[in-house]
K.L.:
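There's a structure below that I have some questions on.
Excluded from the calculations below are hydrogen atoms, water molecules and symmetry mates; all remaining heavy atoms, backbone and side chain alike, are included.
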Amino acid sequence: MVRSDFDDIRPYYESEINEAMHRIADNQWFSLLASYVFPDKELDEVKQMLKGISTVGEFQRKVMHAFTQQVIRSSVSEFTYSGLEHVEKDKQYLFVSNHRDIVLDASLLQNILHKNGYDTTEITFGSNLMVNQLVVDIGKCNKMFKVVRGGSMKDFYRNSIHLSEYIRYALTEKRQSVWIAQRNGRTKDGNDLTDQGIIKMFGMSGAHDKVQSLAQLNILPMAISYEWEPCDVLKMMELYESRGVKYIKKPGEDLNSIMTGIVQPKGHVHIELCQPLTVDDLMAFDDCTSNEFHKNVAALIEDRIHRGYKLMPNNYIAYDLLYGRERYKNFYTDGQKAEFIEHAKQLCQYSEWELDVLQDIFLKMYANPVINSLK
């Protein structure tokens, strides 16, 4: 059943795909994207291929899968995953993930699902990222739906209900799984925390029974781990500048983060699909107040993400450097430590800032997953 009340946020329908393909192919920036995704093809050949696409599935197979494979080939030394046994093919899930990269976290999950014969998920897409028609068209053709950011408290409440209703509709009526971050925006400091407000939002559209309302969504925590944190220096700069004040993004900053995340070397990347939340898991908090219920469910998701995070040599190196110890020296080589220290020398270009503060922020970004694992 098609519902017009979600037209302001939904992905494109199949009937809208071909027209969007023509807009994408004729966009002034398309040649740059085509040269990255299809480096061995002529631009006219790519344009003709694109203009012949008329379904979401075809776009994902021919373009988005090619894009993700190119990212893996050019910037990922090893891509691994585990936990697929938790995902049943005839079931829809709400994948609640830690969020480290604007584009790649969800894209790499789609790659896993596509490769193993599963249907891909719909994906949340912040309204702040819809910077131009090209981005909107690519996103909405790729099963992305809009999460409205900003506005008054009244707007926030209304948008939260609307988003909650759409997510439940996508899962239960459209029979589409959904990917969403565990918090609003990327984790900048390496400390993957679940916003209990997200859990409250999930339940807004459900029945009065708080347990059944969340159980219907089949929440599956997902942990993505990067050997080299995407946009690590950019994240460090934002954390430095936002100390004690509200950070105001600069024009083009989101687009710069998208492009940097795509091309920056990421080393080993791992996705862990964790044990889904069961009715029994949720029933453990049934006697709690609504606020405590949301808080406990958020903590449960957070715990599974922390346990599922794959600690890399860089995480152990950063921890030892941060605390001036050699606690984890058996988890990395001298060469890996030297490579990490060489990478961190980028901080020296910001000599007008407090280098000791920059170093502390940078090391914590990599060390926090270890700190969380010790909990």
Side-chain angles (χ1 to χ4, degrees), residues 80 82-83 96-101 104-105 181-199 221-244 247 261 266-275 295-334 336-347 354-375:
T80 57
S82 57
V96 180
S97 172
N98 64 332
H99 191 20
R100 298 303 187 91
D101 184 83
L104 298 181
D105 299 345
Q182 69 182 143
R183 54 181 285 174
N184 183 5
R186 291 170 297 158
T187 298
K188 308 291 196 316
D189 60 0
N191 189 18
D192 297 312
L193 302 178
T194 305
D195 181 0
Q196 74 179 76
I198 295 282
I199 311 304
M222 170 188 136
I224 186 163
S225 314
Y226 293 90
E227 181 178 3
W228 295 101
E229 181 73 15
C231 304
D232 52 4
V233 173
L234 295 179
K235 290 176 180 177
M236 176 204 69
M237 291 167 61
E238 180 177 334
L239 289 171
Y240 182 89
E241 292 183 359
S242 62
R243 292 173 303 149
Y247 182 77
K266 287 163 279 292
H268 183 187
V269 181
H270 179 80
I271 287 180
E272 183 73 26
L273 301 172
C274 308
Q275 182 76 37
K295 182 178 179 180
N296 285 322
V297 173
L300 179 60
I301 293 171
E302 195 172 288
D303 179 70
R304 292 192 181 176
I305 290 173
H306 289 167
R307 291 176 186 274
Y309 196 94
K310 185 175 181 62
L311 295 172
M312 310 279 186
N314 285 346
N315 301 121
Y316 294 117
I317 293 165
Y319 181 94
D320 280 355
L321 290 173
L322 181 66
Y323 290 101
R325 304 176 185 172
E326 292 189 333
R327 177 173 181 173
Y328 292 109
K329 65 180 180 180
N330 293 331
F331 289 83
Y332 54 84
T333 66
D334 290 341
Q336 288 169 328
K337 183 176 182 179
E339 184 181 10
F340 182 84
I341 291 172
E342 184 64 30
H343 180 73
K345 286 182 180 178
Q346 296 176 76
L347 309 188
E354 301 162 275
L355 287 177
D356 57 332
V357 177
L358 292 180
Q359 183 182 53
D360 188 68
I361 293 171
F362 188 81
L363 292 178
K364 282 181 178 175
M365 185 187 304
Y366 282 94
N368 270 329
V370 179
I371 296 170
N372 285 330
S373 76
L374 293 173
K375 297 177 183 177

K.L.:
Shortest non-hydrogen contact from G308 to A223?
P.N.:
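Reported closest heavy-atom pair: C-CB, 3.7 Å.
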K.L.:
If you look only at pairs with a residue in residues 305-324, which of them pass as a salt bridge (charged side-chain N to carboxylate O under 4.0 Å, His left out), with sequence neighbours excluded?
P.N.:
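Of all non-adjacent pairs touching residues 305-324, those that pass salt bridge (charged side-chain N to carboxylate O under 4.0 Å, His left out) are D303-R307.
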K.L.:
Any donor and acceptor pair, going by atom type alone, linking the side chain of R304 with main-chain N or O of I301 inside 3.5 Å?
P.N.:
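Not at all, since once roles are kept as given, no pair shorter than 3.5 Å links the two residues.
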K.L.:
If you count the non-hydrogen atoms of other residues, nucleotides and ligands that lie under 6.0 Å from CG in D356, is the total more than 12?
P.N.:
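Check passes, neighbour count above 12.
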K.L.:
Under the rule for side-chain contact (heavy atoms from CB on, under 4.5 Å), what residues qualify as partners of T333, not counting sequence neighbours?
P.N.:
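Here the qualifying residues are Q336.
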K.L.:
Below 4.5 Å, heavy atoms only, C-beta onward: do I371 and Y323 meet side chain to side chain?
P.N.:
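I371 vs Y323: side chains touch.
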K.L.:
Using the salt bridge (charged side-chain N to carboxylate O under 4.0 Å, His left out) rule, collect all pairs that involve residues 365-375, keeping only residues at least two apart or in two chains.
P.N.:
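Salt bridge (charged side-chain N to carboxylate O under 4.0 Å, His left out) check on residues 365-375 returns no pairs.
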K.L.:
Can you tell me how far apart NE2 (H270) and OG1 (T80) are? Round to the nearest 0.5 Å.
P.N.:
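So the gap between those two atoms works out to 5.0 Å.
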K.L.:
Check whether any side-chain heavy atom of I341 sits under 4.5 Å from a side-chain heavy atom of I317, and report yes or no.
P.N.:
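Answer no - side chains too far apart.
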K.L.:
When the ring planes of F331 and Y328 are compared, do they come out parallel, tilted or perpendicular, using 30° and 60° as the limits?
P.N.:
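F331 and Y328: perpendicular rings.
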K.L.:
Apply side-chain contact (heavy atoms from CB on, under 4.5 Å) to S242 and list each qualifying residue two or more places apart in sequence or on a separate chain.
P.N.:
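So S242 forms a side-chain contact (heavy atoms from CB on, under 4.5 Å) with Y247.
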K.L.:
Give the intermediate values and the outcome of side-chain contact (heavy atoms from CB on, under 4.5 Å) for residues Y319 and L311.
P.N.:
CA-CA 11 Å; Y319 181 94; L311 295 172; over 6 Å; no
K.L.:
In sequence, state the C-alpha distance, the side-chain angles, and the governing distance for E339 and Y332, and then conclude on side-chain contact (heavy atoms from CB on, under 4.5 Å).
P.N.:
CA-CA 11 Å; E339 184 181 10; Y332 54 84; over 6 Å; no
K.L.:
For the backbone of G261 and the side chain of K266, can you confirm whether one donor and one acceptor N or O come within less than 3.5 Å of each other?
P.N.:
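Side chain of K266 to backbone of G261, a donor-acceptor pair under 3.5 Å: yes, one is there.
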K.L.:
Could you work out, with salt bridge (charged side-chain N to carboxylate O under 4.0 Å, His left out) as the rule, every residue matching K235, not counting sequence neighbours?
P.N.:
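K235 satisfies salt bridge (charged side-chain N to carboxylate O under 4.0 Å, His left out) with E229 only.
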K.L.:
What distance do M237 atom CE and L347 atom CG have between them, rounded to the nearest 0.5 Å?
P.N.:
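Separation between the atoms: 11.0 Å.
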K.L.:
Please name all residues satisfying side-chain hydrogen bond (donor to acceptor under 3.5 Å, both in side chains) with E302, sequence neighbours left out, ordered by chain then number.
P.N.:
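Testing E302 for side-chain hydrogen bond (donor to acceptor under 3.5 Å, both in side chains), a comparison that skips the adjacent residues, returns none.
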K.L.:
How would you list, by chain and number, every residue that makes a side-chain hydrogen bond (donor to acceptor under 3.5 Å, both in side chains) with K295, sequence neighbours excluded?
P.N.:
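side-chain hydrogen bond (donor to acceptor under 3.5 Å, both in side chains) check on K295 returns nothing, list empty.
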K.L.:
Mind checking the CG-CG spacing from N314 to D232? Nearest 0.5 Å is all I need.
P.N.:
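Reported value, rounded in 0.5 Å steps: 9.5 Å.
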K.L.:
Not counting sequence neighbours, which residues clear side-chain hydrogen bond (donor to acceptor under 3.5 Å, both in side chains) with T187? List them please.
P.N.:
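With sequence neighbours excluded, T187 shows a side-chain hydrogen bond (donor to acceptor under 3.5 Å, both in side chains) to D192, given in chain and number order.
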K.L.:
Not counting sequence neighbours, which residues clear salt bridge (charged side-chain N to carboxylate O under 4.0 Å, His left out) with R325? List them please.
P.N.:
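With neighbours one apart ignored, the set is empty.
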K.L.:
Nearest 0.5 Å, please: how far is OG in S373 from OH in Y316?
P.N.:
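Separation between the atoms: 6.0 Å.
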K.L.:
Rounded at 0.5 Å granularity, tell me how far NZ in K337 sits from CD in E342.
P.N.:
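Spacing of NZ (K337) from CD (E342) equals 14.5 Å.
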K.L.:
Quick check: do Y309 and N98 have side-chain heavy atoms less than 4.5 Å from each other?
P.N.:
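Contact flag for Y309/N98 side chains = yes.
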K.L.:
Test side-chain contact (heavy atoms from CB on, under 4.5 Å) on D360 and L322; report intermediate values, then the result.
P.N.:
CA-CA 7 Å; D360 188 68; L322 181 66; 3.4 Å; yes
K.L.:
Once side-chain hydrogen bond (donor to acceptor under 3.5 Å, both in side chains) is applied, do any residues pair with Q359, and if so which ones, sequence neighbours excluded?
P.N.:
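Here no residue qualifies.
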K.L.:
Distance check, rounded to the nearest 0.5 Å: L193 atom CG versus N191 atom CG?
P.N.:
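Here the rounded value is 4.0 Å.
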K.L.:
Run the side-chain contact (heavy atoms from CB on, under 4.5 Å) check on K188 and L239 step by step: do they pass?
P.N.:
CA-CA 7 Å; K188 308 291 196 316; L239 289 171; 3.8 Å; yes
K.L.:
If the condition is side-chain contact (heavy atoms from CB on, under 4.5 Å), which residues does A318 pass it with, not counting sequence neighbours?
P.N.:
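With neighbours one apart ignored, the set is F340, L363, Y366, A367.
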K.L.:
Residues in side-chain contact (heavy atoms from CB on, under 4.5 Å) with A298, at least two apart?
P.N.:
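By the side-chain contact (heavy atoms from CB on, under 4.5 Å) rule, A298 matches T194, Q196, I199.
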K.L.:
How close do P369 and G190 get, heavy atom to heavy atom, and via which atoms?
P.N.:
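Taking P369 first and G190 second, the nearest heavy atoms are CD-O, 3.5 Å.
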K.L.:
Do you know which two heavy atoms are closest between Q182 and I198, and how far apart they sit?
P.N.:
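Residues Q182 and I198, closest heavy atoms: O-CG1, 3.8 Å.
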K.L.:
Just by modelled atom types, is the E354 backbone N or O under 3.5 Å from a matching donor or acceptor in the Y240 side chain?
P.N.:
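Between the backbone of E354 and the side chain of Y240 there is a qualifying donor-acceptor contact (under 3.5 Å).
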K.L.:
So which heavy atom on N368 is nearest to which on D189, and how close?
P.N.:
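Closest heavy-atom pair between N368 and D189: ND2-O, 2.8 Å.
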K.L.:
With distance as the sole test, does R100 use its side chain to make a donor-acceptor pair with the main-chain N or O of I224 at under 3.5 Å?
P.N.:
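Such a contact is absent between R100 side chain and I224 backbone.
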